[in-house]
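These notes concern the structure reproduced below.
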Amino acid sequence: MQADGIRTVAIVLAAGKGKRMGGDVQKQYMLLDGLPLLYYSLKTFEESQVQEIILVTGANEIEYCKNELIGRYGFKKISAVVAGGAERYHSVYEGLKALERSGAFLEHTYVLIHDGARPFIDAEIVDRAIEDAVEYDACVIGMPVKDTIKVADGNGFAKMTPERSNTWMIQTPQAFFYPLIKNAYDKLMERESYQRGITDDAMALEKMTGHPVRLTWGSYENIKVTTPEDIEIADAILRRRKRVK
Ligand code: CTP
Ligand code: MG
C-alpha cells in the first residue's frame, strides 16, 4: 500500500481488434517513433504513483506482451497479463477479476481503467484521477468539447443541442473505489440487456448503481488513436513532446 494507506492499480486495455484503424497490425502494437503504441501509456503508469498494472490483451498476444513489452522494456509494475473478451466491457471485467484474484487490500484499492489506445496520458492526469477517485469514489478524465455538439434524431436531422459549456468529451483513465466498480460490473454481467450501449466504465456505474461520477480535467492531447489520421496526429504530438523535453 502507499504511504496514505491506499492501493492503486491500473488496468490497461489492449484486447481490441482495431477495426476502424484497419491494417495488418492491431493499432495498440503499431509503432510510434519506433515503439509500440501500447508502450507509451504503460511507461507513464510505470513511472507514476500507481503501484501495479494489469494488462488485458488478446489471448494470442499474451506471450508477445510478456516477451516484447515487459521483457524488452523492463516494466516492473505489471503484475498480470490476462486475456480480454469480445467487447470492451468484457475486457474490463477480466481485468477486475484478475485484480480480485490478487486478493490483498481490496477494501483500500482504487482502480484506474485505461484504454491502451491512448498513449498520451501523463503523470498529472494520473495524479488528478487518483485524487478525485479518493474524494468522490468515481471519476472520469475528460475535457470540455470545443465544437458544438448536436444529438441526432436517427433520421439525419438534429434533435437537440446540449449547452456547450456543459458538454464534455470523455477520455480515460476512469478511476474508481474498487468495491464500487466491481459491484457495478458484477451486476452488468448478470444480464445481456444491461450491457447494450455500454461504451465506458462510468456508464456501467451510472446505469447499475446511479452513483455520481466526477468529471476530472484531462488534456486535449489525450487522444484515442482510432482511425488512420490519428496516427499522424499522434506523431505530431510525439515530435512536439520531444522538442520541449
Ligand atoms: N478494448 C479491449 N477489448 C475489447 C475492445 C476494446 O480491451 N473487446 C480496448 C482497446 O484495445 C482499446 C480500448 O479498449 O485500447 C478502446 O477501444 P477502441 O478504441 O474501440 O479500440 P478497438 O475496439 O480495438 O477499435 P475498433 O472499435 O475500431 O475495432
Ligand atoms: Mg472498439
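What you see below is based on every heavy atom in this structure, not just the backbone, and it leaves out hydrogens, waters and symmetry mates. The model shown is predicted, which means the values in this text are computed figures rather than measured ones.
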Do we see a donor-acceptor contact under 3.5 Å between the side chains of [X] and [Y]?
{"X": "Ser165", "Y": "Glu163", "result": "yes"}
{"X": "Asp201", "Y": "Tyr185", "result": "yes"}
{"X": "Arg118", "Y": "Thr44", "result": "no"}
{"X": "Asp200", "Y": "Tyr89", "result": "no"}

Counting the benzene-type ring for Trp, do Tyr136 and Phe177 have ring centres under 6.0 Å apart?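 No, the ring of Tyr136 stays outside the 6.0 Å limit from the ring of Phe177, centre to centre.
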Exercise. Any chance you could measure Ser48, atom OG, to Ile130, atom CD1, to the nearest 0.5 Å?
Key: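 Between atom OG of Ser48 and atom CD1 of Ile130 there are 6.0 Å.
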Query - From CG (Asn222) to CZ (Phe120), nearest 0.5 Å - result: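 Answer for the CG-CZ pair, Asn222 versus Phe120, is 9.5 Å.
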**Message:** Main chain of Gly218, side chain of Glu221: is a donor-acceptor contact present, judged purely on distance under 3.5 Å?
**Reply:**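 No, Glu221 side chain to Gly218 backbone: no donor-acceptor pair under 3.5 Å.
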(Q) Leu35: which residues meet the side-chain contact (heavy atoms from CB on, under 4.5 Å) condition with it, sequence neighbours left out? (A)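 With neighbours one apart ignored, the set is Tyr39, Tyr40, Tyr73.
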### Query
Can you name the residues that form a side-chain contact (heavy atoms from CB on, under 4.5 Å) with Ser91, not counting sequence neighbours?
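side-chain contact (heavy atoms from CB on, under 4.5 Å) check on Ser91 returns Leu13, Ala15, Val56.
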Check this for me: does any side-chain nitrogen of one of [X] and [Y] sit under 4.0 Å from a carboxylate oxygen of the other?
{"X": "Asp235", "Y": "Arg239", "value": "no"}
{"X": "Arg88", "Y": "Asp115", "value": "yes"}
{"X": "Lys43", "Y": "Glu47", "value": "yes"}

- prompt: In this structure, which one of Val111, Val9, Ile78 forms a side chain to side chain contact (heavy atoms under 4.5 Å, CB included) with Glu52?
  reply: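 For Glu52, the side chain to side chain contact (heavy atoms under 4.5 Å, CB included) test succeeds with only one of Val111, Val9, Ile78, which is Val9.
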Q.
Exactly one of Ile121, Val12, Ile11 should register a side chain to side chain contact (heavy atoms under 4.5 Å, CB included) with Pro173. Which one does?
A.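 So, applying the side chain to side chain contact (heavy atoms under 4.5 Å, CB included) to Pro173 and each of Ile121, Val12, Ile11, only Ile121 qualifies.
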Would Lys146 and Tyr220 count as a cation-pi pair here, with the cationic atom under 6.0 angstrom from the ring centre and within 45° of the axis?
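Judged by the rule, Lys146 and Tyr220 form a cation-pi pair.
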Count the heavy atoms of every other residue, nucleotide or ligand shown that sit under 6.0 Å from CZ of Arg72, and state whether that count exceeds 12.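 No.
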Mark yes when over 12 heavy atoms from residues, nucleotides or ligands other than Glu131 sit less than 6.0 Å from its CD; otherwise mark no.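 No, CD of Glu131 has 12 or fewer neighbouring heavy atoms, counting only those of other groups under 6.0 Å.
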| query | Do Thr57 and Tyr29 pass the side chain to side chain donor-acceptor pair (under 3.5 Å) test, and can you show the C-alpha distance, the side-chain angles, and the key distance before you say yes or no? | reply | CA-CA 11 Å; Thr57 185; Tyr29 304 114; 2.7 Å; yes
Linking Ile, Leu, Val, Met, Phe, Trp and Tyr by side-chain heavy atoms under 4.5 Å, what else ends up with Val151?
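Members alongside Val151: Met160.
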